[in-house]
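So the structure is just underneath, and the comments pick up after that.
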Amino acid sequence: RVLQSLERQVVRAKGTAFIGLGRMGSEMAFNFFSKTFAESPDTRFVVCDALPTSAIAFRQNFVAQFPGAHIDIVRTPEEAVHASQTVLTMLPSSPQVKTVYSEANGIIPALQSLSAAELARSLFIDSTTLDVGIARNVAAEVISAGVQMVDAPVSGGVTGAKAGTLSFLVGGTEYAFELSQPILTHMGNRIIHCGPSGAGLGAKICNNLVLGVQQIVVGEAMLLGQKLGLDPRVLAGVINSSTGSCWASSINNPVPYSLPDKSPPCERNYEGGFATALMLKDMLLATDIAASTDSPLPLGKSAQNFYAETLRHRPDLAQKDFSSVYERLEQMRQED
């Protein structure tokens, strides 16, 4: 048994796991693994996803580009913990985080089987955007086991994940932040320590609250301008060089070919961006936490309702980029 424990410690020391290989997670894991492999070719990578086919496809793609890399696929988060002392998670929302961390075959039960030395060397990074209260409760359980953990939600979308230019908004102790920073720099170029556990999520929710409102009003303005006879390129140029400038217009403009030399999701039938269903989730997180803290959100609540209404009328937009709310605005114009 002692020998088995020593063997596991050796394996874990070289192991790095990524759990959650969706649109964002797969791109983040690819950048993280590729840059880590360049630095330490003997690293053993571990992937885990609720859809085994996603993990298989990821491994095939990565090994094809990095033939010497060693990637294992595991079925459960528990197995990932036993194989890796650094574990990153990128999951859809709160229910999945509770499943991966707290339920049977999850991360927290697995920690109970590790030695004190193994626990002390372990680091967990969760980049999921979820309810702040749930995140803090999960982190408290992990940290109470003797492990370091940070919440590190991201800003930059699928484009930033693919390019390795994400911003990470980190919540946790100063020590845990220092441990996570070199890892996060393999996936992003701005790593911001926002405060204690949950602070990164709070910052992310506030940021996406702004973004969700802006994307709707940019769509409204672009549609109104065209009704007034303005060329979309001209109007986008005016907005993007004036006080109305924002990411929702200058990078994610919802009108095809309004941004010369750029290719926003609207030019790919709104494919490949941040899903409308996920933006609705983030708006719900913002309005829920605002209600619990007695913080007024008149525009935020209206925006949340509009995303919900959009998906009721256009369920086909759920997995499209959230700038596709522009199509709902066009539909409303035709209905009028």
Glu118/Ser115 under side chain to side chain donor-acceptor pair (under 3.5 Å): CA gap, chis, key distance, verdict: CA-CA 5 Å; Glu118 288 175 305; Ser115 67; 3.2 Å; yes
Audit row: Asn252, Asp321, side-chain contact (heavy atoms from CB on, under 4.5 Å) steps and yes/no: CA-CA 9 Å; Asn252 212 45; Asp321 182 75; 3.1 Å; yes
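- Atom OH of Tyr101 and atom CG of Leu111 lie 9.5 Å apart (nearest 0.5 Å).
- Side-chain contact between Ser84 and Thr86: absent, with no pair of heavy atoms (C-beta onward) separated by less than 4.5 Å.
- The neighbour count for Arg268 CZ, taken as heavy atoms of other residues, nucleotides or ligands under 6.0 Å away, is above 12.
- Legend: ring pair (Phe, Tyr, Trp, His ring centres under 6.0 Å) pairs involving residues 221-270, not counting sequence neighbours: none detected.
- Judged purely by distance below 3.5 Å, without hydrogens or angles, the side chains of Arg314 and Ser324 never pair a donor atom with an acceptor atom.
- The structure places OG of Ser302 at 6.5 Å from CG of Leu299, a figure rounded to the nearest 0.5 Å.
- Partners of Glu267 under the salt bridge (charged side-chain N to carboxylate O under 4.0 Å, His left out) rule, at least two apart in sequence or in another chain, do not exist in this structure.
- By the criterion of side-chain heavy atoms lying less than 4.5 angstrom apart, applied directly or through intervening Ile, Leu, Val, Met, Phe, Trp or Tyr residues, Phe322 is grouped together with Leu329 in one hydrophobic cluster.
- Considering only heavy atoms from C-beta on, Asp282 stays 4.5 Å or farther from Ile205 through its side chain.
- For Pro254 against Gly219, the heavy-atom pair with the smallest separation is CG-CA, 4.0 Å.
- Tyr326 and Leu280 fall within a single hydrophobic cluster, where Ile, Leu, Val, Met, Phe, Trp and Tyr are joined by side-chain heavy atoms under 4.5 Å apart, directly or via other members.
- Rounding to the nearest 0.5 Å places SG of Cys246 at 7.5 Å from CD of Gln215.
- Clustering ILVMFWY residues whenever any of their side-chain heavy atoms sit less than 4.5 angstrom apart, transitively, puts Phe168 in a cluster other than the one holding Leu278.
- Put simply, CD on Glu103 and CD1 on Ile108 are 10.5 Å apart, with the number rounded to the nearest 0.5 Å.
- A donor-acceptor pair is defined here as one N or O able to donate and one able to accept, closer than 3.5 Å; no such pair exists between the side chain of Lys204 and the backbone of Ser127.
- Comment: Glu309 engages Arg328 in a salt bridge, judged by a side-chain N to carboxylate O separation of less than 4.0 angstrom.
- Considering only heavy atoms from C-beta on, His82 stays 4.5 Å or farther from Arg12 through its side chain.
- Asp261 places none of its side-chain heavy atoms less than 4.5 Å from the side chain of Leu259.
- In terms of modelled atom types and a separation under 3.5 Å, the side chain of Lys320 and the main chain of Glu271 share no donor-acceptor contact.
- If you check the side chains of Thr89 and Asp126, you find a donor sitting under 3.5 Å from an acceptor.
- Within the 4.5 Å cutoff, no side-chain heavy atoms of Val138 are placed close to those of Leu130.
- The other members of the hydrophobic cluster of Leu224, by chain and number, are Leu228 (side-chain heavy atoms under 4.5 Å, ILVMFWY only).
- At a threshold of 4.5 Å between side-chain heavy atoms, the hydrophobic network of Ile, Leu, Val, Met, Phe, Trp and Tyr places Phe18 and Ile73 in one connected group.
- Only one option out of Asn253, Asn240, Asp231 pairs with Ser258 in a side-chain hydrogen bond (donor to acceptor under 3.5 Å, both in side chains); it is Asn253.
- Leu169 and Phe32 fall into different hydrophobic clusters, where Ile, Leu, Val, Met, Phe, Trp and Tyr side chains are chained together by heavy-atom contacts under 4.5 Å.
- For Arg190, the CZ atom is loosely surrounded, since the number of other residues' heavy atoms within 6.0 Å does not exceed 12.
- Partners of Phe58 under the ring-ring contact (aromatic ring centres under 6.0 Å, His included) rule, at least two apart in sequence or in another chain, are Phe33.
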Show me the donor-acceptor pairs within less than 3.5 Å that the side chains of residues 143-160 make with the rest of the protein, sequence neighbours left out.
from: Ser144; atom 1: OG; to: Ala140; atom 2: O; distance (Å): 3.2
from: Ser144; atom 1: OG; to: Glu141; atom 2: O; distance (Å): 2.7
from: Asp151; atom 1: OD1; to: Gly198; atom 2: N; distance (Å): 2.7
from: Asp151; atom 1: OD2; to: Gly200; atom 2: N; distance (Å): 3.1
from: Asp151; atom 1: OD2; to: Leu201; atom 2: N; distance (Å): 3.1

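- Gln226 places a side-chain N or O within donor-acceptor distance of the main-chain N or O of Met222, the cut-off being under 3.5 Å.
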CA sep, side-chain torsions, deciding dist, call: Gln304, Thr287, side chain to side chain donor-acceptor pair (under 3.5 Å): CA-CA 8 Å; Gln304 176 210 304; Thr287 53; 2.6 Å; yes
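- Lys281 has its side chain within reach of Thr129: a pair of non-hydrogen atoms, C-beta onward, lies under 4.5 Å apart.
- The shortest distance between side-chain heavy atoms of His70 and Asp72 falls below 4.5 Å.
- A distance of 8.0 Å separates NZ in Lys162 from CZ in Phe30, rounded to the nearest 0.5 Å.
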Worked check of side-chain contact (heavy atoms from CB on, under 4.5 Å) between Leu209 and Met283: CA-CA 6 Å; Leu209 169 64; Met283 299 303 290; 3.8 Å; yes
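- Salt bridge Glu79/Arg75: present, at least one basic N to carboxylate O contact under 4.0 Å.
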Verdict with supporting geometry, Leu284 and Tyr307, side-chain contact (heavy atoms from CB on, under 4.5 Å): CA-CA 10 Å; Leu284 286 165; Tyr307 283 110; over 6 Å; no
Would you give me the side-chain donor-acceptor pairs under 3.5 Å for residues 171-184, sequence neighbours excluded?
from: Thr173; atom 1: OG1; to: Ala176; atom 2: N; distance (Å): 3.0
from: Glu174; atom 1: OE1; to: His193; atom 2: ND1; distance (Å): 3.4
from: Ser180; atom 1: OG; to: Ala176; atom 2: O; distance (Å): 3.3
from: Ser180; atom 1: OG; to: Phe177; atom 2: O; distance (Å): 2.9

Stepwise side-chain contact (heavy atoms from CB on, under 4.5 Å) check, Arg44 with Ile71: CA-CA 6 Å; Arg44 298 177 68 90; Ile71 300 186; over 6 Å; no
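- Minimum heavy-atom separation, Ala55 to Leu21: CA-CD1, 3.7 Å.
- When side chains are defined from C-beta on, Asn208 counts as touching Phe274, because their heavy atoms get closer than 4.5 Å.
- Residues Phe66 and Ser34 come closest through the heavy atom pair CZ-CB, 3.4 Å.
- No more than 12 heavy atoms of other residues, nucleotides or ligands lie within 6.0 Å of NZ in Lys98, so this atom counts as exposed by the packing criterion.
- Between the CD1 atom of Ile19 and the OG1 atom of Thr76 there is a distance of 8.5 Å, given to the nearest 0.5 Å.
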